[in-house]
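Before we start, here is the structure in question, set down as structure tokens.
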Amino acid sequence: MDSDRRRDSRSWDWDSPQCRAQLDEVFFRRHDYIQAGSPEHREFWSFFDRFQRFKTKRDVSGSGAKEDREDGKKTGTGKVDLGLPKEYDARYRINVSVCTRDVEERLGKSEHRGRQRSSGPGSEEISDCRLALLHFLDFSQRQSFGKLAKLRREQKTLPIFQYRDRIVELVRLHPVVVVAGDTGCGKSTQVPQYLLSAGFNHIACTQPRRIACISLAKRVSFESLNQYGSKVGYQIRFETTRTPATKLLFLTEGLLLRQIQQDRTLSQYQVLIVDEVHERHLHCDFLLGVLRSLLSDHPDLRLILMSATINIKLFSDYFGGAPVLQVPGRLFPIQVIYQPIPTEEQPSRSEKLDPRPYLRILQGIDQRYPPEERGDLLLFLSGVAEISTIQEACQVYATHTRRWIVLPLHSTLSLAQQDKVFDISPPAVRKCIISTNIAETSVTIDGVRFVVDSGKVKEMSFDPKAKMQRLQEFWISRASSEQRKGRAGRTGPGVCYRLYAESDYDAFAPYPVPEIHRVALDSLILQMKSMSLGDPLSFVFIDPPPAASIQTAVTYLKQQGALDSRGELTSIGSLLAQLPVDVVIGKMLVLGSLFHLVDPVLTVAAALSVQSPFLRSSQHNPDCATARQPLQSNHGDPFTLLNTFNAWVEVKGERGGGSRKWCRRRGLEEQRLYEMVNLRRQFKELLRSHGLLESESSTPSGGDRGQRRERLKERRKLYQMKRDHEQQESSRRKVLRMDEGHDGEFSSGSDTEAAGKGKKDKGGSGQNLDIQEVKFKLRHNVSELQEAASVSQDMSSRQQALLKLLLCRGLYPQLALPDEHNSTRKDSDQVFHTRNKQGVVIHPTSVFASDPEVLQVPEDDTREIGPDRRDSSRHQLLAFVTLLETNKPYLSNCVRVPALQALLLVANSVDSNADCTRLVVDGWLELELREPEEALKVLSTALTLRSEWERLLLAQLGQSTMGGPAVQGVSRKVMEKLSEGLVRFLLYNEVTYSLRRLTAFQTQNLYIGPQSQSDLPDTKAPDVNPLFPGVEAKPDPIKGGLRVASFFNYNSLADSKDLYSECLRTFWSCPNCDLYMPLTPLERMQHEASCRPAAEQQQPEEEPEGGKAGSSSVSSLTRVYHCDVCDEDLTLTSTEILKHKRNHMYSAK
Amino acid sequence: MEQTTSLTPQKTFTCQLCDLSSPFTYYGQKPPNTRAIVLLEECFVTQDPFSPDKEKFLVLGSTCSLCSTCVCVGPDCSLFYTKRFCMQCVNKHLKQFPLQIQAELAKKKPSSKSAAS
Ligand SMILES: [Zn+2]
Ligand SMILES: [Zn+2]
């Protein structure tokens, strides 16, 4: 201060921070409207600079403001004198004043006291600053009001605006209302707002897509002037912005269904809006069905269906003739040009598309429309392969003419790549966006003037017979065709080129096939069962799926163990119904929790539920392939995914934001990994809430106070970054570079990274901020994840074997057998067979496509027995996640498992011959074991392991459904013993056998068929089944033989010998007790199942009695046996019964 | 702030010229939390919805000092020059306004017409 003393007011320096700080003391104090240090404060000073410059310029040019003509006098008409000041001053136009007299007075006093003029601002400076402040306030008022006015203007011009009152009135009067309007009419954004301002309060609006929930919530909260509040929110799988103040919630259809599942009263909502019902998604159709059945119980609930103007009557009729309000869309006129592809340019099947028809359209546009006239082109093709063919050709043309930027758009592209279609092309250059039907409804791109419609779509269909999904090319429907056309008229008049004849168009189906007719209904049926909606066959769907499709799903769910034989939910089934995942994935989770393999199983389950993080486009990039190499596991794709996730978590922990680059190097879409980590967490919470996982004992919320404070500070900072990011997100679009189309993701990607590194950005520009990283840090505890990752990274081969078994049990019956001639085929020609579909191949993205040798039986291990019989102990099967037919039927996400062991442990149906050397699994796989002795041993072990596994699983599930989350159903010790047994069985089994698929002819006479009582000499003997207490071993009524366990039929194969024929008896000594006698295979298995080594006998008693399931301990091994000879009831173990009977036999002889 | 009950209908400001309407939270010359700031007319005020800061206000409109018409502050509906005038009154008494304003309005007219049609 002292050094400044001598300055007088004339040396006042507006640029000096000290001087400005002094004015801050006057105008921007701590409690003032604008406070020093706030964003507005910064804005003020930059406004101030502009304002000063403007003032100087005006003074210099000496604008005529001063020579104001005395207009006041000329109001000769003498009506009213407005009393306006004579001289114009812009300040009079501002309706705000700022009073700072108190401060000025204080300053004034200090001025008097000091002899010299103080260094502070003089009155001139203060009034300059005040004037600037007034103008600044006025400026910001104008700005905000301008936004508001623009908003209101836009709302008014929407076609739906005129129907505002009518809509509210209809909703007041009718429980169900259908609002039909085409693209651009504004229904999705406006209808919820009309209802809100009419006083409706708890409104939910469903959307088929998550992304729409987010963007609608954002838009509507802005439009309803609540962008910084939470009146409008969204809720999707991993994210919600919902608070108690939320009145309007956008959520996905699936999520609303889950909410209904938990609370059928729907008490939390007053109004439900189901948007885009015409898209006919599976969830949406189902949701409508559920709501229809619930409505009568909730007379106050209001339901609004919103649809495009497609098939409106269907929806109205379904809800008893609900009133329909039809709103015209806002489309500019579109010229339709039919340009069928000439025959010589039509591709034959299996041939690439001919690009000529497409190029001609580009040329035509170039000739007809001057480049200054803006307007982009959107081209619809059926699939990714088609897109890359046409893209290539168009790119050549674009490079030559420099008038086009060619951009692909489909869902397997990275998000960054997808996002490019929204960027702006340089002047006189058009975007040519080549897209799948994703741009038909899901993605809306503004500025499209030309649409090219190939008329084709690839759609998933489900083949219930082969239990296979199929991706096939179809002609689109007229509705889709119109939808595609409409994309050309959103921002101005447009042109639509249809590459088919008008007669083709007329022959198209009116609407697309609803999803419910095209997909597997497993999850739907399971959910219906858990919502107790009765028989799925009689449920009133808007458009019922084929009965066969429902039947297939029911059968499948029974195979999976989710439904019992009567079609009721099992305990595992009711748990699976609550997990928002595929049944197979849900099963893995449950099994994983039982075996204390939770961490890897959570990761694998999450990985298999999201799109693959491996980008297809980088598959042929050698650098990526090299970098990916260490992540690959030849045990199977789930293991590769597991490795990838773990390695990523490792990188996250060490380098945080560096993971982006790490992913790019390996051709990984990081977004998928973020989805995985979120899903993984959700799974974990689900398991915990179902008591299948111990609640975290040592949550890392501990630490000393200092650490906690640090963490809190860090979190606050992250939240701030997230908020800042959200505010800027609506950021301006980038301008595309001319070479945008043809350089790959990698070159351009690493460029931006290198550029970004230089400047350290202060969270301001947002360009460089990795928002995903911020969200990740907010949501997850990295060190905890790292711990989990290192656990599954250091998996022993034993754990690995066990994990494989769990995956296999989860995936069963999705198994495939390598063709016997694979070893003589090329790598690319390896063929596999599933039970229902022969000749499938492995998807090129699978590890087994590049390394098929690991699936083949090692040469030195085989023994050629006959012409087509190869014995080995190393046969393997593939368990797979999906079977999808595109141009070929492909298996993807495969795991290899040891055949015999896996089948015996997971298959639903195993049949044997009399000495158990021949086994048939599920009626299609035949295993022949060489040594009867070995065969018996292996079968007997499997039976024991399975019964124990089943018992523990039920105990675990039983506990979890009844008890609180803390109860741990099965003791660790018992569990470990089972794991040990399973691992030993999987890894150390040297039994040699042959494995093949039965021919159709062989399956015809497979079983001996039902036998009359007299044929079975000694049926009474094994009347109670010691292996599965409660399940009686009785003759199988269809196949014949003896049903020993729920999955095992003894001696039912047609080549069988008599059940107890003496020749099958061999002398055998039990390793556990002193028994030594000739026994039939069945007797021996029974003995083995009940006879435990002495050391183990006590163990079962330690374990807590877990309900009924516990009753299979020692005491249950004895049972009441009625001996016909003695005519007496005896309490004996099965071995003792055998001994007893034997006594009679010998004495009889 | 957010927990407004649905029973008390929001007070709504509506411009009698352009029909713009929006809820307001305060009417007067001294909106809450404005400290040194005073309005020079009685205004319909709401919280600025475009500012993350809840304390920022936004003036929606006021009444014409001559004819008492309720008008928004939009340049097509009203003008403030020491007092609020609705556009109808401004046009009626155009001559009394300084030349700057007359020139400005003359310039704006044709463009605003075309935008409206
Ligand atoms: Zn107005
Ligand atoms: Zn007036």
Task: Name of the residue among Leu58(B), Val59(B), Leu39(B) meeting side-chain contact (heavy atoms from CB on, under 4.5 Å) with Pro31(B) - done: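 With Pro31(B) as partner, side-chain contact (heavy atoms from CB on, under 4.5 Å) holds for just one option, Leu39(B).
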Open item on the list: Heavy-atom count check: over 12 atoms from other residues, nucleotides or ligands less than 6.0 Å from Phe54(A) CZ?
Closed with: no
Open item on the list: Looking at Gln88(B), I'd like to know if its CD atom is crowded, meaning that more than 12 non-hydrogen atoms belonging to other residues, nucleotides or ligands lie closer than 6.0 Å.
Closed with: no
Open item on the list: Contact between Lys218(A) and Gln227(A) at the side-chain level, heavy atoms closer than 4.5 Å - yes or no?
Closed with: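 SC-SC contact between Lys218(A) and Gln227(A) ruled out.
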TODO: Find the one option among His31(A), Arg93(A), Lys147(A), Arg91(A) whose heavy-atom pairs under 4.5 Å with chain B are most numerous.
DONE: Arg93(A)
Open item on the list: Only heavy atoms, only distances under 4.5 angstrom. Which residues in residues 149-157 of chain A are near chain B?
Closed with: Ala149(A), Arg152(A), Lys156(A)
Open item on the list: Measuring centre to centre across the rings, with the benzene-like ring taken for any Trp, is Phe44(A) within less than 6.0 Å of Phe28(A)?
Closed with: yes
Task: Segment of Lys83(B) engaging chain A (4.5 angstrom heavy-atom cut-off) - done: side chain
- [ ] For Phe57(B), check ring-ring contact (aromatic ring centres under 6.0 Å, His included) against everything at least two apart and list the hits.
- [x]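 Applying ring-ring contact (aromatic ring centres under 6.0 Å, His included) to Phe57(B) gives Tyr33(A).
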Task: Contact origin within Gln143(A) toward chain B - heavy atom pairs under 4.5 Å - done: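 Neither the backbone nor the side chain of Gln143(A) comes within 4.5 Å of chain B.
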TODO: Determine, stepwise, if the pair His202(A) / Tyr269(A) fulfils ring-ring contact (aromatic ring centres under 6.0 Å, His included).
DONE: CA-CA 5 Å; His202(A) 300 284; Tyr269(A) 300 118; 8.0 Å; no
- [ ] Pick whichever of Leu82(A), Leu137(A), Val96(A), Leu225(A) has the most heavy-atom pairs under 4.5 Å with chain B.
- [x] Leu82(A)
Open item on the list: Quick check on Cys15(B) against chain A: is it the side chain, the backbone, both or neither that has a heavy atom closer than 4.5 Å?
Closed with: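 Neither part; nothing is under 4.5 Å.
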Open item on the list: Between Ser51(B) and chain A, with a heavy-atom cut-off of 4.5 Å, which part of the residue counts as in contact: side chain, backbone, both or neither?
Closed with: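 Both parts, heavy atoms under 4.5 Å.
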Task: Phe13(B) and Cys72(B), any side-chain heavy atoms less than 4.5 Å apart - done: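 Yes; the side chains approach each other to less than 4.5 Å.
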Task: Region of Asp48(B) that comes under 4.5 Å of a non-hydrogen atom in chain A - done: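 Contact with chain A involves the side chain of Asp48(B) alone.
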- [ ] Could you tell me which portion of Thr46(B) (side chain, backbone, both or neither) has an atom closer than 4.5 angstrom to a non-hydrogen atom of chain A?
- [x]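 Contact with chain A: none, neither part.
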Open item on the list: Can you classify the ring geometry of Tyr194(A) versus Phe161(A) as parallel (below 30°), tilted (30 to 60°) or perpendicular (above 60°)?
Closed with: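 Perpendicular, since the angle between the ring planes exceeds 60°.
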- [ ] Could you tell me if the ring centre of Tyr88(A) sits under 6.0 Å from that of Phe97(B)?
- [x] no
TODO: Work out which heavy atom in Arg164(A) is nearest to a heavy atom in Ser197(A); give both atom names and the distance.
DONE: NH2-OG, 3.5 Å
Task: Which atoms of Leu66(B) approach chain A - backbone, side chain, both or neither, heavy atom under 4.5 Å - done: side chain
Task: Portion of Leu148(A) that has a non-hydrogen atom of chain B nearer than 4.5 angstrom - done: both
